[in-house]
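Input: one structure, supplied below.
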Amino acid sequence: MPLETILEDIGFSPAEAIFLSQHDYFHHKRKTKEELEDLFHNIALIYECHDDTIKEAVLKFPPFASYDHHRVITEAAAIYGNEDAVKKAVLKFPPFAGLDHHRVLRQKTKLGRMAGLERKEVIKNILKKPIFAGYSTKRYLAAFDVARQLEAEGFTQNELMLKSFFSYYSKSPYVPDTDRKRISQVENGEEPPLLKVMRKYLTNYNVRQK
């Protein structure tokens, strides 16, 4: 039976079945229907969730299906100190399962210190929004450039600035139409989306306080 048909039989849409069957990092192309069902079910048992949740994770990140998830959770929990939170983080952001968490925490702790955050606060934020673990150091440095620009404009409330960043972290900190350049690297460039939304957030807050 073709893989696309098998995937449809276990709950994937035709488009999703084609996507997975053609994806280079979905390494289960020769499994039977029963073997695939067992694979997803056994992963779901580890995360204590429904099988469909695991299927969604695999669609978002096909390598997810090939990991040793007992090992993923054990190693990450040893670093972050909370197994249940690690499981939730993985399901929120499936690539979290494949990260080198020693490296992640070392880098993010250093960046956190630059923002005035203690290690425990860094861990809390990573587990709450695990996509933070996947962002590059380059992206965070660009966000620091945004913060410095806002400080130059008179916004000096550090805690509020952090709150605004955590509210709009998905907005790009890079100058548009450049190869991911920071505002300190471009003269007269368009403002990054992150700068615009953070400025609006801080301005609105100050207006409400008057």
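For clarity, every value in this text was computed on a predicted model and none was experimentally measured.
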Checklist entry - Would you call the rings of F64 and H69 parallel, tilted or perpendicular if under 30° counts as parallel and over 60° as perpendicular? => result tilted

Next on the checklist: With a 4.5 Å cut-off on side-chain heavy atoms, are K196 and E190 touching?
Outcome noted: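 Touching, per the 4.5 Å side-chain cut-off.
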
Item to check | Shortest non-hydrogen contact between H28 and A65, atoms and distance | outcome: NE2-O, 3.2 Å

Item to check | ILVMFWY network linking I54 to L7, side-chain heavy atoms under 4.5 angstrom | outcome: yes

Next on the checklist: With heavy-atom distances below 4.5 Å as the criterion, would you say the side chains of L105 and R119 are in contact?
Outcome noted: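 Contact flag for L105/R119 side chains = yes.
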
Checklist entry - In terms of the angle between their ring planes, are F61 and Y67 parallel, tilted or perpendicular, with boundaries placed at 30° and 60°? => result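 Because their plane-to-plane angle lies in the 30° to 60° range, the rings of F61 and Y67 count as tilted.
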
Checklist entry - If you measure from CG on L194 to CZ on F165, what distance do you get to the nearest 0.5 Å? => result 6.5 Å

Item to check | Test side-chain contact (heavy atoms from CB on, under 4.5 Å) applied to H70 and I46, step by step | outcome: CA-CA 7 Å; H70 282 294; I46 294 171; 3.7 Å; yes

Checklist entry - Would Y174 end up clustered with Y168 when hydrophobic side chains under 4.5 Å apart are linked, directly or stepwise? => result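 No.
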
Item to check | pair F12-L59: side-chain heavy atoms closer than 4.5 Å | outcome: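 F12 reaches L59 side chain to side chain.
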
Next on the checklist: Tell me whether K92 contacts the main-chain N or O of K128 through its side chain, where contact means a donor paired with an acceptor under 3.5 Å.
Outcome noted: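 Pair found, side chain donor or acceptor close to backbone of K128.
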
Checklist entry - Rounded to the nearest 0.5 Å, what separation is found between the OG1 atom of T5 and the CD1 atom of I10? => result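 Between T5 OG1 and I10 CD1, I get 11.5 Å after rounding to 0.5 Å.
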
Item to check | For I6 against K31, the heavy-atom pair lying closest together | outcome: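 Heavy-atom minimum between the residues: CD1-O, 3.8 Å.
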
Checklist entry - Are E159 and K163 within salt-bridge range, i.e. N to O under 4.0 Å? => result no

Item to check | Minimum heavy-atom distance between A115 and L162, given as atom pair plus value | outcome: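 In terms of heavy atoms, the two residues are closest at O-CD1, 3.6 Å.
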
Checklist entry - Does E16 come within less than 4.0 Å of K55, counting only side-chain N to carboxylate O? => result no

Checklist entry - How about I126 and I123: do any of their side-chain heavy atoms sit closer than 4.5 Å? => result no

Checklist entry - Which atom pair, heavy atoms only, marks the closest approach of K181 to T178? => result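 Of all heavy-atom pairs spanning K181 and T178, the closest is N-OG1, 3.2 Å.
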
Checklist entry - Are I43 and V86 co-members of a hydrophobic cluster defined by side-chain heavy atoms under 4.5 Å apart? => result yes

Next on the checklist: Quick check: closest heavy atoms across R30 and E35, and the distance to 0.1 Å?
Outcome noted: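 Smallest interatomic distance, heavy atoms only, reads O-OE1, 4.3 Å.
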
Next on the checklist: For M161, is there any backbone N or O sitting under 3.5 Å from a side-chain donor or acceptor partner on S164?
Outcome noted: yes

Checklist entry - Can you check whether S66's main-chain N or O pairs, donor with acceptor, with H27's side chain at less than 3.5 Å? => result no

Item to check | Verdict with supporting geometry, Y205 and L202, side-chain contact (heavy atoms from CB on, under 4.5 Å) | outcome: CA-CA 5 Å; Y205 177 85; L202 295 168; 5.6 Å; no

Next on the checklist: I'd like to check I131 versus Y135 (side-chain heavy atoms, cut-off strictly below 4.5 Å). Are they in contact?
Outcome noted: yes

Item to check | R199 side chain reached by V146 side chain, heavy atoms, under 4.5 Å | outcome: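 In short, these two side chains do not touch, never coming nearer than 4.5 Å.
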
Checklist entry - What distance do L111 atom CG and L141 atom CG have between them, rounded to the nearest 0.5 Å? => result 6.0 Å

Checklist entry - Under a 4.5 Å cut-off applied to non-hydrogen side-chain atoms, are K108 and N125 in contact? => result no

Item to check | Within-4.5 Å side-chain heavy-atom neighbours: R139 and P173 | outcome: yes

Next on the checklist: Does the plane of the ring in F166 sit parallel, tilted or perpendicular to the ring in F132? Use 30° and 60° as the thresholds.
Outcome noted: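 If you compare the ring of F166 with that of F132, the planes turn out tilted.
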
Checklist entry - What is the minimum heavy-atom distance between P94 and L91, and which atoms define it? => result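 Minimum heavy-atom contact is CD-O, 4.1 Å.
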
Next on the checklist: Under a 3.5 Å distance rule, please check whether S21 uses its side chain to pair with a backbone N or O of I18 as donor and acceptor.
Outcome noted: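 Side chain of S21 to backbone of I18: a pair is present.
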
Checklist entry - Taking everything shown except K29 itself, do over 12 heavy atoms lie less than 6.0 Å from its NZ? => result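 Buried by this count: over 12 neighbours within 6.0 Å.
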
Item to check | OG1-CG distance between T32 and L3, expressed to the nearest 0.5 angstrom | outcome: 11.0 Å

Checklist entry - Does Y47 belong to the same Ile/Leu/Val/Met/Phe/Trp/Tyr cluster as L39, with side-chain heavy atoms less than 4.5 Å apart forming each link? => result yes

Next on the checklist: With a 4.5 Å cut-off on side-chain heavy-atom distances among I, L, V, M, F, W and Y, is there a chain of contacts connecting F155 to M114?
Outcome noted: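 Cluster IDs for F155 and M114 match.
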
Checklist outcome for this item: Between the CD atom in E48 and the CG atom in D84, the distance rounded to the nearest 0.5 Å is 6.5 Å

Checklist entry - Any chance NZ of K200 has more than 12 other-residue heavy atoms, nucleotides or ligands included, within less than 6.0 Å? => result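 Not buried by this count: 12 neighbours or fewer within 6.0 Å.
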
Checklist entry - What's the spacing between L20 CG and E4 CD if we round to 0.5 Å? => result 10.0 Å

